[in-house]
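Computed from a prediction, not measured in an experiment: that's the story for all the values here. As the structure lists them, so they are numbered: ligands from 1, and atoms in each ligand from 1.
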Amino acid sequence: MKSILENRPELTRRVEEVAEVAGYLWQKGWAERNGGNITINITACVDDDIRRMPPISDPIPFGMTLPRLKGCYFFCKGTNRRMRDLARRPMENGSVIRILDDGASYEIVADEPVRPTSELASHLAMHEQMIASGNGYTAAIHTHPINLVAMSHNRAFLGKDTLTRLLWSMIPETRAFCPKGLGIVPYAMPSSVELARATVRELAEYDVVLWEKHGVCAVGPDVMQAFDQIDVLAKSADIYLSARAMGFEPEGMTDAQMDELKEAFGL
Ligand code: 13P
Ligand code: ZN
């Protein structure tokens with residue numbers, strides 16, 4: 001069977017980048033079983049031949065109406081598929097979907113009828129918001145970083161910007177490379193529309209949000225940059241936890257030191 005990637009170098013590069021990041025999520029220990037999901041907006045790489053491709057599934061509603069996504073195409077991890085398998089064989093563990101004209105349902109177009117992630121509502125709501133804001137972002141990741149999920153079990157960390165300031169203060173790079181910080185989404189049922197709505201509400205202000213007692217979501221211009229944002233926050237969480245494991249509360253950079261970075265990096 002011919003793959004949609006054949007003779008499409010840009011689309012191939014983008015899917016290979018998803019596979020590379022999927023491998024990192026597994027190596028990090030953030031992707032037990034089928035944990036986590038990745039979607040990318042590939043509409044810019046879609047040609048007329050793809051637009052004419054017949055669907056290989058019935059129309060499937062995704063639970064929301066997102067008018068800006070009409071006619072858009074996404075590569076999505078399959079539901080119940082492993083990140084470590086997506087890393088090695090992306091087109092067997094993910095699929096390309098087309099959003100239908102109602103902006104509320106999709107059909108699968110390639111390569112195989114792999115049903116997209118159960119968090120599709122959250123992912124598509126994030127993509128709709130990225131389009132609306134005109135920021136040129138194309139990627140959304142959801143994953144389960146151990147340290148950040150553990151921190152979300154402490155009510156004291158869940159106040160607005162409490163964790164952001166703590167994580168920023170652990171190492172200068174986090175302040176510099178995750179300048180918007182970490183938004184907090186109160187616990188909601190996985191895969192629910194309620195979770196999707198709360199996620200985009202927080203993402204209006206942040207590039208990364210913490211799903212209480214579940215995981216994180218990040219958006220970015222591409223999947224590598226979305227991953228980097230989670231990675232720097234998780235590094236800060238590791239530093240905090242290492243200090244606590246050594247028996248002390250880390251001092252953290254001062255507000256003045258963080259403000260100085262803000263100036264220097266033009267954040
Ligand atoms: P999927 O396998 O459906 O992508 O779900 C994984 C997950 O992390 C749900 O929150
Ligand atoms: Zn999850």
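By the criterion of side-chain heavy atoms lying less than 4.5 angstrom apart, applied directly or through intervening Ile, Leu, Val, Met, Phe, Trp or Tyr residues, Phe74 is not grouped with Leu203; the two fall into different hydrophobic clusters.
Applying the side chain to side chain donor-acceptor pair (under 3.5 Å) test between His123 and each of Asn41, Asn37, Thr117 identifies Asn37 as the sole match.
Geometry at the Zn ion (ligand 2): NE2/His214 and NE2/His144 form an angle of 100°, nearest 10 degrees.
A salt bridge is defined here as a Lys NZ or Arg NE, NH1 or NH2 lying under 4.0 Å from an Asp or Glu carboxylate O, and Asp222 with Arg14 fails to meet this definition.
Residue Glu249 qualifies as enclosed at atom CD: its count of foreign heavy atoms under 6.0 Å is above 12.
If you look at ligand 1, the protein residues with a non-hydrogen atom under 4.0 Å away are Asn34, Gly35, Gly36, Asn37, Lys77, Thr79, Asn80, Thr117, Ser118, Glu119, His142, His144, His214.
Residues Arg81 and Glu92 come closest through the heavy atom pair NH1-O, 2.9 Å.
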Would Tyr24 and Asp231 satisfy side chain to side chain donor-acceptor pair (under 3.5 Å), going step by step from the backbone distance to the final call?
CA-CA 10 Å; Tyr24 298 156; Asp231 199 25; over 6 Å; no
